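In what follows, a single structure is set out as structure tokens and then discussed.
None of these values were measured; they are calculated from a predicted model. Note that ligands are numbered from 1 as they come in the structure, with each ligand's atoms numbered from 1 the same way.
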Amino acid sequence: MSGRPRVFVTRPILDEGLAVLRDAGCEVDVWQDDLPPSRADLLARVRGASGVLALLTERIDAGVMDAAGPGLRVVSVHAVGVDNVDVAEATRRGIVVTNTPDVLTETTADFAFALLMAAARRIPEGIDVVRRGEWRTWGPKVLLGTDVHGGTLGVVGFGRIGRAVARRASGFAMRVLRHDPGLPAGPADAEVGATRCEDLRDLLVASDFVSIHVPYGPATHHLIGDAALEAMRPHAILVNTSRGPVVDTDALVRALAAGRIGGAALDVTDPEPLPPDHPLLSFPGCLVVPHVASASRATRTRMSVLAARNLVAVLRGERPPHAVNDEMVARAVALALDRNRGRL
Ligand code: GLV
């Protein structure tokens, strides 16, 4: 058996990240398929791993931690959202969970704004018209959309990405409302001229565009359901680049079918992937793309490197750049120093 720490990577990430793991002396096992490992494969392949570098598609829970065994020190998530990891369970076991914030903020905000504009100006519908050979002439009533400039943007969740979207909106002379109950009014609002809405409903009734940027968890499950959609303006467009289940899909289908909102632009859905015959895809004003908001080459490279650095740092007994369960880090640093002395 090799003395090098074993690391399981649940998909081929960009080479730069794999190089960080290999250069650090890890024994790197990469799942070589474009689709995620099955649960059985995941359980088999994590056995004996000191680190797991996981994507958002893998559920990392007690079963995976058991399968890995007591040597598991770190679960490094190649994403900012860590709702696929049982962080409390990891913390109980002294396992550090890390993620990749910051490096994807601007790229994801670009994409949220692109979705907003595409839906507002009906760009996908225009593309379809041309592709289907239905572009017959210039017409004064063809594909009339909603102006983005001068509109009101409601940002739900005013963390890094929400604020970056708000900054883009200020370049379009938009009024920005934001809802984030944990965040009192402050410099982040002043920077983009945002108005804080204590009550989500106040934001929903006044916004032409509603963009979701909350982390997913019990508190945000179906945050946007029947009542929220009912409160939105009839022409308003919902943009979601956070996590699918923040929006109640059935409620959204009902709202679109009844024409209660103007449209939706979704990078994330529930379920994911969305089956091709899903009712959401039957509405011309609902645009769905396959969870790619952070997918620029530069950002995916940075994410792979950061995920790898996080993992290596924990195995080396150093403070990782981004730990989710910070309280674990000091303990894990001490433990890892002990276990990995001389191995990395
Ligand atoms: C992507 O969805 C992420 O959380 O990074």
Only pairs under 3.5 Å count here: list side-chain donor-acceptor contacts from residues 236-247, not counting sequence neighbours, and write none if there are none.
from	atom 1	to	atom 2	distance (Å)
Asn240	OD1	Ser242	N	2.9
Asn240	OD1	Ser242	OG	2.7
Asn240	ND2	Arg243	O	3.3
Arg243	NE	Asp83	OD1	3.0

ask   = With Thr57, which of Glu272, Arg11, His291 fulfils side-chain hydrogen bond (donor to acceptor under 3.5 Å, both in side chains)?
value = Arg11

request  = Taking all heavy atoms of Thr10 and all of Pro37, pick out the closest pair and write down the distance.
outcome  = O-CD, 3.4 Å

ask   = Does the pair Asp86/Arg93 count as a salt bridge with the N-to-O cut at 4.0 Å?
value = no

query = Exactly which residues line ligand 1, taking a heavy atom under 4.0 Å from it as the test?
reply = Leu56, Ala79, Val80, Gly81, Leu104, Arg243, His291

key: Residue that, paired with Leu153, satisfies side chain to side chain contact (heavy atoms under 4.5 Å, CB included) out of Ser170, Ser207, Ser211   = Ser211

ask   = Asp189 pairs by salt bridge (Lys or Arg N to Asp or Glu O under 4.0 Å) with which of Arg196, Arg163, Arg178?
value = Arg178

